[in-house]
Amino acid sequence: AQKITQTQPGMFVQEKEAVTLDCTYDTSDQSYGLFWYKQPSSGEMIFLIYQGSYDEQNATEGRYSLNFQKARKSANLVISASQLGDSAMYFCAMREGPGGTSYGKLTFGQGTILTVHP
Amino acid sequence: GAVVSQHPSWVICKSGTSVKIECRSLDFQATTMFWYRQFPKQSLMLMATSNEGSKATYEQGVEKDKFLINHASLTLSTLTVTSAHPEDSSFYICSAALNYGYTFGSGTRLTVV
């Protein structure tokens, strides 16, 4: 069974508008971490935002926020005020088990290609 | 911040030859390194997990004898694609586990001709 699901292969947004990228996950662990990464055409993986399963507040990092709905097992990424440079592939990923020294592997979703139009 | 230097960034090799990809942690000790493979416009698929000083753990379906992983020191992990074939052409990327997350190498684009 797919552990991380991103159902939007591609998304388009107008510059300066907000966009939501969907991510749902499946785990039986109580402790886990959810990550979002941006991958431009160069291939580098750029960390955007992190949400721990026990975090009560939704994570925010500048223009990025994570809409964490634990009961629905969703962790959607919201990008506000889109910029042309936001055009890239975006991945949702999950680490099962606690962080710190457990060094659990990351499982990635299928990715969403975001295109920002001027 | 923690940096993983991955080399080469791209390589073209002839079918049947071997290619070695290196990932070095520059300012920290990488106890655990993950190796991923990515086809164009697809997800990152975990190939194996390597821990310093021990044998790598390969994911199901990954050929251990074809993709040799060595993690002999806390600052260097290598992936060797042996007897490469055109179907091995892909983007390979390493990632080191940190206490607070993960840091990725810049990736290696392998083309086998």
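Computed from a predicted structure; not experimentally measured. Below, read A as the first sequence line, B as the second, and so on, with proteins coming before strands; counting in each chain starts at 1.
Nearest heavy-atom pair across A/Gly109 and B/Ser43 is O-OG, 2.6 Å.
Side-chain contact between B/Gln38 and A/Phe91 is present, with at least one heavy-atom pair separated by less than 4.5 Å. Residues B/Met45 and A/Phe108 form no side-chain contact, since every pair of their non-hydrogen atoms from C-beta on lies 4.5 Å or further apart. Taking the side chain as every heavy atom from C-beta outward, B/Tyr102 and A/Tyr37 approach each other to under 4.5 Å.
By the criterion of side-chain heavy atoms lying less than 4.5 angstrom apart, applied directly or through intervening Ile, Leu, Val, Met, Phe, Trp or Tyr residues, B/Leu98 is not grouped with B/Trp35; the two fall into different hydrophobic clusters.
Heavy atoms of other residues, nucleotides or ligands lying less than 6.0 angstrom from NZ of B/Lys66 number more than 12. Heavy atoms from other residues, nucleotides or ligands lying under 6.0 Å from CG of B/Asp65 number 12 at most. In this structure, B/Glu87 places its CD atom where more than 12 heavy-atom neighbours from other residues, nucleotides or ligands lie under 6.0 Å away. More than 12 heavy atoms of other residues, nucleotides or ligands sit less than 6.0 Å from atom NZ of A/Lys73. Within 6.0 Å of NZ on A/Lys70 lie more than 12 heavy atoms contributed by other residues, nucleotides or ligands.
Put simply, CG on A/Leu106 and OH on B/Tyr36 are 4.5 Å apart, with the number rounded to the nearest 0.5 Å.
In terms of heavy-atom pairs under 4.5 Å with chain B, the best-connected choice from A/Gln6, A/Met89, A/Glu44 is A/Met89.
Neither the backbone nor the side chain of A/Thr112 has a heavy atom closer than 4.5 Å to any heavy atom of chain B. Interface residue B/Leu44: backbone and side-chain heavy atoms are both found under 4.5 Å from chain A.
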